[in-house]
Amino acid sequence: MAKYPFESIEKKWQKRWEDEKTFAAAEDPSVPKEKRRYVLDMFPYPSGAGLHVGHPEGYTATDIYCRFLRMRGYNVLHPMGFDAFGLPAENYAIQTGTHPEVTTMANVDRFRTQIKSLGFSYDWDREVSTCTPDYYKWTQWIFLQLFKRGLAYESEMPINWCPSCKTGLANEEVKDGLCDRCHTKVTRKRIRQWVLKITAYADRLLDGLDGLDWPEPIKLMQRNWIGRSEGASVHFELEGHEEKLEIYTTRPDTLFGATYMVLSPEHPYVEHITTLEQKAAVAAYVEAAARKSDLERTDLAKEKTGVFTGAYAINPVNGAKIPVWISDYVLISYGTGAIMAVPAHDERDWDFAKAFGLPIIQVVAAPGETGPFDKTPDKCTAADGFAVNSGKFDGLPTDQAIAQVTAWLAEKGIGKKAVNYKLRDWLFSRQRYWGEPIPVVHCEKCGIVPLDEKDLPLLLPEVKSYAPTGTGESPLANIPEWVNTTCPCCGGPAKRETNTMPQWAGSCWYYLRYLDPKNADAFVDPAKEKYWMPVDLYVGGAEHAVLHLLYSRFWHKVLFDIGVVSDDEPFRRLVNQGMILGEDNQKMSKSRGNVVNPDDIVRDFGADSMRVYEMFMGPLQVSKPWSTAGLVGVSRFLERAWATSEKPIAGIAPSAEHLKLLHKTIKKVTLDTDTLNFNTAISQMMIFLNEVSKLDSLPRALWEPFVVMLAPYAPHLGEELWERLGHAAGVSKVAWPAYEEALTLDDEKEIVVQVNGKIRDRFTATAGGAEDALRETALALPKVREWTEGKQIAKVIVVRDKLVNIVVKG
RNA sequence: GCGAGAGUGGUGGAAUGGCAGACACGCUAGACUUAGGAUCUAGUGCCUUACGGCGUGAGGGUUCAAGUCCCUUCUCUCGCACCA
């Protein structure tokens, strides 16, 4: 069989789609809201390596879905763009001196060409790149809105620092103590930085998840990342000091069991509450803790360490004098940086108390446990139970004890209900060149002054050297003529902010710019925003679970609060595509040599084979290994479709059997495409073609619907086959075929006959036949009688159109 | 350690509690040929000459009937990891 001429077919149709702007989306007001869909792909970072086979997976899925929706009468917005600021281009610039803009734009061109070669139905007039001034003008504009609302602030605190990337990192960018990008060990560094107050939105980011159609694991990861906990804050008096020590606990019911206190080594009280005798030991411990990275503090600190400060606190519930220690198992960044230690009911406190011989008092007993409770417990238990050794709270179950102790604390004015989050504010500044300049100046008189909105964009200046200074300042700091400016407020001398924004900034809102990409007066026209938003389906990798997807939701809520978007959640439905692994079942990587280049596949097998194969590999959401042999199978399917199309088309009616197969196929392909189960839809089309390709001539009524269904999957071939059927207008505008339920049903069914659950025989019967008749037929079968002879029939189960199960005894 | 997800032929995978292995790859045999990443036909879970038996990580359970529901357990992947 001749290889079908995919090279010429694909070129021909791609050109036609481009020339005719076939997939341009317009805000047609006559289309009701429920017939509009915004289907979004996670846009790529245009790396120097070019497109990877992983990219087209999600892109093909959304493309098939969009083409399917259009054929079913939806107005579809399906755009593509580029996440174009980022470190690789800048690192390349450092090595070669080539401006990152030059390499980035070259990479964007290459990516665009590669993406177009796969025949995706994007509206290319809406393409955006986050690094162009007309785009980042609005990224800077959003930053100014954050600043004006007090959601962007300067801070100087120890942060995560990647010595290789020479920049600060957000908590979300650190995995296992390593830089998420380059896997270098992260250190701690104290520098001035910009921080976004994402914690102000913690509750809304948490609550908003409930209404989203997202994979549960992703929602759970965001919930865990936000890490809301409820408890109480309690003030402890410090013996001989004016100030009180505030702690946070989720278990105020265990207050009577607090036998010591622990401060984080960074806690502001440490210095002045430490007694003279303890000064040297405490100072040494604090210094050692400061030198350790977070990784060392957690990973290596299996053994609890700490030092007594010499100070004592007073337990407010019983007046007991308890020692105050410092230890690095208490984190300065969570709660108040200080805890009450209840060793009997907290593993960490238990370990610490055991290591330093501190007292342990049981204050919670397991349900049913009987006293006496005056012994030192021999193990730690964090489980709920009822209060003991707790004065008037004795006997209360844990939940009630928590409520009553909290109420009692509030009444006495020594504590109150409190909520804490694991989520930290978002470290937003990068000490690098290739990012959006932060649009503020530092004025000696006026302090931090935002630029006027009319002065945006604040352009990235040219620099001689792209190399980061490594001192915590970006290369921009080395350009005095750019740094030195005048204050927009007082007109006096001022210095520009030299930090830039992280890569996440541009990707936080790109889905909004697609709606109105060329608008010079607003980041989006409100009418256009209302027309399309929110995004109906967002497809991308799961690696952004707590990065992009959390940041975007945060910005979107802020934009909602200032009234420029109409929903407070941007992405209604999210689907994560699985990873495509190498043929060796390992993650694709240059070093393993198992990388598959999409260009090679398109060249050798065509874009349609590539598309259909990636969808046929298995469910979209799971990881699966690439197999070029498997791709050949799909390629054969398309070749068979081509070969079959060369048979004469007949105006005759299809046989009843073929008609039934057609309607079954339409039903399955329709349902499976709608639910993104592309692999089984393709399988059904294969079954159909395997039958129809046996015919000598093709009934038009059989072949046309097949070509239409194939078109979203293999659009080039679909268009070509449609044209060969004598149609002038493109197949992408044709209505999706309908099926008749009655024609999908079989007239005859094979009935399985089981004896005690084992299949012994089968027979055919008219569909929908009476159960009695099925039972009688089954019992009369000779093979069945062999198995039932001499035995007592206890029960006969009949499932209409499916089976008869005869239960025998003896 | 905690949390989530997944374990089905030689391979990718399919199965509203009702015929396990659809579809595809690979393999075996045959046909054909303009020798191609061909095509066509038949076969292909394991054991057994057969009758039949056994089979969805392992072990229990519920049910007339379990890959599917419940319990226990193992392995792998991902996320979090002293968050008081």
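Residue numbering restarts at 1 for every chain, and letters A, B, ... go by the order of the sequence lines. Every value quoted in this text rests on a predicted model; they were computed, and no experiment measured them.
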Atom pair distance, as rounded to whole Å: CE in A:Met579 and C1' in B:U77
9 Å
If the sugar-phosphate is the primed atoms plus P, OP1 and OP2 and the base is the rest, what is the B/S/- string for nucleotides 21-30 of chain B, using protein heavy atoms under 4.0 Å?
-BBSSS----
Is there a side-chain contact between A:Tyr334 and the phosphate of B:A84, meaning an N or O under 4.0 Å from OP1 or OP2?
yes
Answer for the Watson-Crick or wobble partner of B:C69, both distances under 3.5 Å, is B:G61
What residues from residues 254-265 of chain A pass a heavy-atom cutoff of under 4.0 Å to RNA chain B?
none
Where along nucleotides 44-54 of chain B does protein come under 4.0 Å, by heavy atom, of base (B) or sugar-phosphate alone (S), with - for untouched nucleotides?
--------SSS
Counterpart base for B:U16, defined by Watson-Crick or G-U wobble contacts under 3.5 Å
none
Is it true that the NZ or CZ of A:Lys304 lies under 6.0 Å from the centre of A:Phe352's six-membered ring and within 45 degrees of the ring axis?
no
Across all strands shown, which nucleotide pairs with B:C40 by Watson-Crick or G-U wobble geometry, both distances under 3.5 Å?
B:G30
Please tell me which of the listed nucleotides, B:G79, B:G37, B:G18, lies nearest to the side chain of A:Asn805?
B:G18
List the atom pairs, with distances to 0.1 Å, where a side-chain N or O of residues 794-801 of chain A and a protein N or O form a donor-acceptor pair under 3.5 Å, not counting sequence neighbours.
from     : atom 1 : to       : atom 2 : distance (Å)
A:Arg800 : NE     : A:Gly769 : O      : 3.2
A:Asp801 : OD1    : A:Gly768 : N      : 2.7
A:Asp801 : OD2    : A:Gly768 : N      : 3.4

Classify A:Lys624 by what it touches in the nucleic acid, base, sugar-phosphate, or nothing, heavy-atom distance under 4.0 Å.
sugar-phosphate
Atom NZ of A:Lys219 with >12 non-hydrogen neighbours under 6.0 angstrom:
yes
Side chain to side chain donor-acceptor pair (under 3.5 Å) filter on A:Tyr613, not counting sequence neighbours, yields none
OP1 or OP2 of B:C64 less than 4.0 angstrom from a side-chain nitrogen or oxygen of A:Lys795, does that happen here?
yes
Mark yes or no: A:Lys354 above the aromatic ring of A:Trp350, with NZ or CZ under 6.0 Å from the six-membered ring centre and no more than 45 degrees from the axis.
yes
State the CG-CG distance between A:Leu547 and A:Leu550, to the nearest 0.5 angstrom.
8.5 Å
Contact check, residues 771-778 of chain A vs RNA chain B, heavy-atom distance under 4.0 Å, returns none
Need the pair for B:G79. Rule: Watson-Crick or G-U wobble, both distances under 3.5 Å, any strand; none if unpaired.
B:C2
